[in-house]
Every structure is written in C-alpha cells, then in structure tokens.
*Asks:* 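Below you will find the structure I want to go over with you.
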Amino acid sequence: MPMWSQPPPPPSSLQLRRPPPPLPHRPRRLRSRLSPIAASQDPLTALSRLLWGRALPPSQLVLAVRHGWTAAWGLLMRQLAPSDPATGAFTRTPSRFPAVVGTPSARLHLYVGLPCPWAHRALLVRALLGLERRLPLSVAVPGDDGAWSFTPDSPDALYGKRKLREVYASARRGGFEGRASVPLLWDAERREVVCNESIEIAKFLCDLAAADGSAGGLDLWPPELRQDIDRWCGFAQSQEAYDAAAGELFAALDRLEDHLSGSRYLCGDTLTLADVCLFTTLVRFDLVYHSLFRCTRRKLVEYASLHAYTRDIYQMPGVAGTCDMAAIADGYFGALFPLNPGGILPLVPASCSPEALLEPHGREALSSSAAADAGGGGNGRQLEATSASN
C-alpha cells in the first residue's frame, strides 16, 4: 500500500487533551485581594488583611510576638534605663566626669540636648546669667539609634562631628568608654571634658558669671543659702517623676505645693539653683511625665502654686527660649521607642502652651522684698525678671 494510503496514526495523548478550562474564580479573587498591596500606602495593613481578612491574627502569633517584644523591651531598657534589681526603680548612671577638676581654659563649649531635663539645667543657667556670648553652644538631637547626634539644622558648631560620642572620643587622652551624655562642658583649647554632671556645671557657670560680671547681680549659688540649695536639689533629683513610685512622687508634689504657697521660691525671695533643678522637671510634667510615665493622678496645672511658680520662672528673661516643647515631646515620645513603639506624638497640652505659661502668675505678692522693690532697692536682675512677668 502506498505510504499515503495508510490510515493516519491515532492521535497522541497530548492531542486528545482539551484546552485547559478558564481559570476558576478563586485566583481572580486572589488577584483582587493582592491588588491593594501594590496600591496601598500601608502595605503591612494590606498584607495582614490578605492573610487574616478582618479577623484577629492567630493566637500563637500574638503570643509569640508578645513574648518576643517583652524580652527585647527588657533587654533594651536594661541599657537605656537601668534599674535597681531589688526594687525595679530607675537608677541613673553616674556621670563619668562628675566634677570640675582644676581650672579650665577660657575656650569652653557647652553641648546640650533640648529634651533632657539635666541638660536643660545648664542651658537655663547660661541664659539666666547672660553667658550666651561667653559660652558657645551646640545642640544635639536624639538619633534613630538613641544616641545624641548632630544634623545640618543642629550641627556641632565646634568640630562638625556627626555624633556626640565622637566629641567625647576626640579628647587628647582618648580611651573614652561609656555613655556620651548631655550636658557636656568641653574645654576646646585642651580638647578634654571639663564636666558632664548638670548641677556641677551649673555651679561652675555661677562662678564664671560672677568672675565675668555678666550676671547683673543675680547669684543663683549664694554662699549663705548653699546648704538649703543642696538640700532642695537633692530632694528634686530623688523625686523626679520617673525616679520614684507614684505615691512618693505625688506626696513630694503636695509638700512642694504647700511650701510654695507661702514662699515665692524654694529658698525664700531668691531664685537659686534649687529652683532651676525643679523648674526643668515641672515644665515637662504635663507634657511628658503625666502620660508617658503614667504619672496620671494629677496634672501640674491642678496644683495652683506649683503651676504659678512654673509660670513665674518661665517669664524671666531668656527662660522661654530654652523651653522647646516640640523638641521635648519628640525627644521622649519619638526617640524613646520602647516606651512609645508607635512613635505617635501627642498634642501639646493647653497648660504647656506659651500662651498659658505667659499668663500672670501673681507671685510678686509672696516676696517680702516687694516694699523694697517699690522703693528702688533689691536685686537688679531679679527686678528685671519680675517686671517682665507683669
């Protein structure tokens, strides 16, 4: 039989298969559920809805994340905020350079961070004593890694460093280990740390202003009141909102409220370093400590004398310029991510606004020198501060 007359071979199995049917509706739904991931501004939300819809995540995942976060949180807080193993209370790391040793050179530089209450003390004393020209300033900001850093908007005016720890490490003696903390008083001529303990820096600045004559007669560290100042400063340090349990804290605020209801300042008619130490805590209380540190029993604005006392100091020349509420809020709520993982910044409470802090305080009536002021006597710079608040 000729080749062309042979019957055709049977179709192969491949030829016998029908074309595949159209894709079922399920992949189409899947594609429709995947589309939000590409288009959404929040891919994590879209992904979670893809995995679980609108139901809660699986309980095993919730427990795993919870225990993992708790363990990581504890590890971070042991370094960021070391605590007493016996009580769990916050224990502040001692300053590496706690005192001014010897006589520094005339070329000094002050490093601060606006959120930090201890650095605020040094910044406040510099402003009150009129040392702005005598003592140049660099302002560090909290970095993403928690370290004090510099940015183009807030540079290291002395060396152009990126991190404060680089300034510490640039000391001639070298070998620095530990926390690069603020405030830092730096000797630019000798390239060495003068001191990084806030109250000792403040005392040194008082002596510096007295020698320069820049304080205008204001003495924040008068010899006759130093025992009382040390007593009040120690009290203020041990009763910081985040250092003490709530009961102790509010008992301390009650005692301060009672004392300041009859005394213009902690040591009578004279503004001292004790008031500087207390002010930097009070001005942060409603903004930070009340919510972030759960000191929620009462707000500062509910203490009539304490809030008026805070307004009194805030209204002194140069003080308001040291109180950047936005920077304080960002430094705590934005940088302390173990305490505020979402990084949501709260609105500044009305009691912390400049308008509220500039309201009349009426505390002139508590000053026993009011009569002398009317006759032209008294402290010149203190008079200037009083008149600025009226």
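Along the sequence shown, residues are numbered consecutively beginning with 1.
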*Asks:* Is there a side-chain contact between His120 and Pro115, using heavy atoms and a 4.5 Å cut-off?
*Replies:* no

*Asks:* Say whether, by atom type as modelled, one donor and one acceptor occur between the side chain of Arg284 and the main chain of Met325 under 3.5 angstrom.
*Replies:* no

*Asks:* Is there a path of hydrophobic side-chain contacts, each under 4.5 Å between heavy atoms of I, L, V, M, F, W or Y residues, that connects Val301 with Leu358?
*Replies:* no

*Asks:* So, Arg298 side chain and Glu302 main chain: donor-acceptor pair closer than 3.5 Å or not?
*Replies:* yes

*Asks:* Give me the atom names and distance for the closest heavy-atom approach of Leu287 to Val348.
*Replies:* CD1-CA, 4.1 Å

*Asks:* Is a salt bridge present between Asp145 and Lys163, judged by a nitrogen-to-oxygen distance below 4.0 Å?
*Replies:* yes

*Asks:* In chain order, what residues pass the salt bridge (Lys or Arg N to Asp or Glu O under 4.0 Å) check against Asp324, with sequence neighbours excluded?
*Replies:* none

*Asks:* For the residue pair Arg126 and Leu205, what are the closest heavy atoms and their distance?
*Replies:* N-CD1, 4.3 Å

*Asks:* Looking at Lys299, I want to see if its NZ is surrounded by more than 12 non-hydrogen atoms of other residues, nucleotides or ligands under 6.0 Å.
*Replies:* no

*Asks:* Assess whether side-chain hydrogen bond (donor to acceptor under 3.5 Å, both in side chains) is satisfied between Tyr159 and Trp186, documenting all intermediate values.
*Replies:* CA-CA 12 Å; Tyr159 300 122; Trp186 178 264; 2.9 Å; yes

*Asks:* Quick one: are Pro136 and Leu110 in side-chain contact, heavy atoms under 4.5 Å?
*Replies:* no

*Asks:* If only atom types and distance count, is the side chain of Asp286 paired as donor or acceptor with the main-chain N or O of His290 below 3.5 Å?
*Replies:* no

*Asks:* Could you list the residues that satisfy salt bridge (Lys or Arg N to Asp or Glu O under 4.0 Å) with Arg363, not counting sequence neighbours?
*Replies:* none

*Asks:* Is the shortest heavy-atom distance from the side chain of Tyr111 to the side chain of Pro183 under 4.5 Å?
*Replies:* no

*Asks:* Please step through salt bridge (Lys or Arg N to Asp or Glu O under 4.0 Å) for the pair Arg231 and Asp228, ending with a clear verdict.
*Replies:* CA-CA 5 Å; Arg231 176 174 61 87; Asp228 282 345; 3.8 Å; yes

*Asks:* Do any N or O atoms from the side chain of Ser138 and from the backbone of Ala157 form a donor-acceptor pair under 3.5 angstrom?
*Replies:* yes

*Asks:* Would you check if Ile229 and Trp221 make a side-chain contact, meaning some heavy-atom pair closer than 4.5 Å?
*Replies:* yes

*Asks:* Under 4.5 Å between side-chain heavy atoms, hopping through other hydrophobics if needed: is there a path connecting Leu158 to Val167?
*Replies:* yes

*Asks:* Would you say the side-chain atoms of Ser263 pair up with the backbone N or O of Leu260, donor to acceptor, closer than 3.5 Å?
*Replies:* no

*Asks:* Under a 3.5 Å distance rule, please check whether Ser367 uses its side chain to pair with a backbone N or O of Glu364 as donor and acceptor.
*Replies:* no

*Asks:* Applying side chain to side chain donor-acceptor pair (under 3.5 Å), name anything that partners His307, two or more places apart in sequence or on another chain.
*Replies:* Arg311

*Asks:* Would you list the atom pairs, donor with acceptor, under 3.5 Å between side chains in residues 97-108 and any protein atom, with sequence neighbours excluded?
*Replies:*
{"unit_1": "Ser105", "atom_1": "OG", "unit_2": "Arg107", "atom_2": "N", "d": "3.3"}
{"unit_1": "Ser105", "atom_1": "OG", "unit_2": "Asp187", "atom_2": "OD1", "d": "2.5"}
{"unit_1": "Ser105", "atom_1": "OG", "unit_2": "Asp187", "atom_2": "OD2", "d": "3.3"}

*Asks:* Shortest non-hydrogen contact from Arg121 to Ser198?
*Replies:* NH1-OG, 3.2 Å

*Asks:* Can you name the nearest heavy-atom pair linking Val125 to Cys206, along with the distance?
*Replies:* CG1-SG, 4.5 Å

*Asks:* Heavy-atom count around Arg162 CZ within 6.0 Å, excluding the residue itself: above 12?
*Replies:* no

*Asks:* Could you go through the side-chain hydrogen bond (donor to acceptor under 3.5 Å, both in side chains) check for Tyr168 and Asn196 one step at a time?
*Replies:* CA-CA 11 Å; Tyr168 275 88; Asn196 66 353; 3.3 Å; yes

*Asks:* Whether the side chain of Asp275 engages the backbone of Leu266 through a donor-acceptor N/O pair (distance < 3.5 Å, no angle test) should be reported.
*Replies:* yes

*Asks:* Any donor and acceptor pair, going by atom type alone, linking the side chain of Glu132 with main-chain N or O of Leu137 inside 3.5 Å?
*Replies:* no

*Asks:* Quick one, Ser291 and Phe333 - any side-chain contact, counting heavy atoms below 4.5 Å?
*Replies:* yes

*Asks:* Provide the full list of salt bridge (charged side-chain N to carboxylate O under 4.0 Å, His left out) pairs with a residue in residues 198-217, sequence neighbours left out, each pair given once.
*Replies:* Arg134-Asp212, Glu200-Lys203, Lys203-Asp230

*Asks:* If only atom types and distance count, is the side chain of Ser154 paired as donor or acceptor with the main-chain N or O of Thr151 below 3.5 Å?
*Replies:* no

*Asks:* Students often mix this up, so state it plainly: with edges at 30° and 60°, are the rings of Tyr332 and Phe293 parallel, tilted or perpendicular?
*Replies:* perpendicular

*Asks:* Do Leu366 and Leu282 share a hydrophobic cluster (ILVMFWY, side-chain heavy atoms under 4.5 Å, transitive)?
*Replies:* no

*Asks:* What's the shortest heavy-atom distance between Phe250 and Thr296, and which atoms?
*Replies:* CZ-N, 4.4 Å

*Asks:* Under a single-linkage definition using a 4.5 Å side-chain heavy-atom cutoff for Ile, Leu, Val, Met, Phe, Trp and Tyr, are Leu184 and Phe176 assigned to the same hydrophobic cluster?
*Replies:* yes

*Asks:* Check side-chain contact (heavy atoms from CB on, under 4.5 Å) between Ala140 and all other residues, then give those that pass, not counting sequence neighbours.
*Replies:* Trp148, Phe150

*Asks:* Report, as yes or no, whether the 6.0 Å neighbourhood of atom CD on Glu224 holds more than 12 heavy atoms from other residues, nucleotides or ligands.
*Replies:* yes

*Asks:* Can a cation-pi geometry be assigned to Arg264 and Tyr309, taking NZ or CZ under 6.0 Å from the six-membered ring centre and within 45° of the ring axis?
*Replies:* no

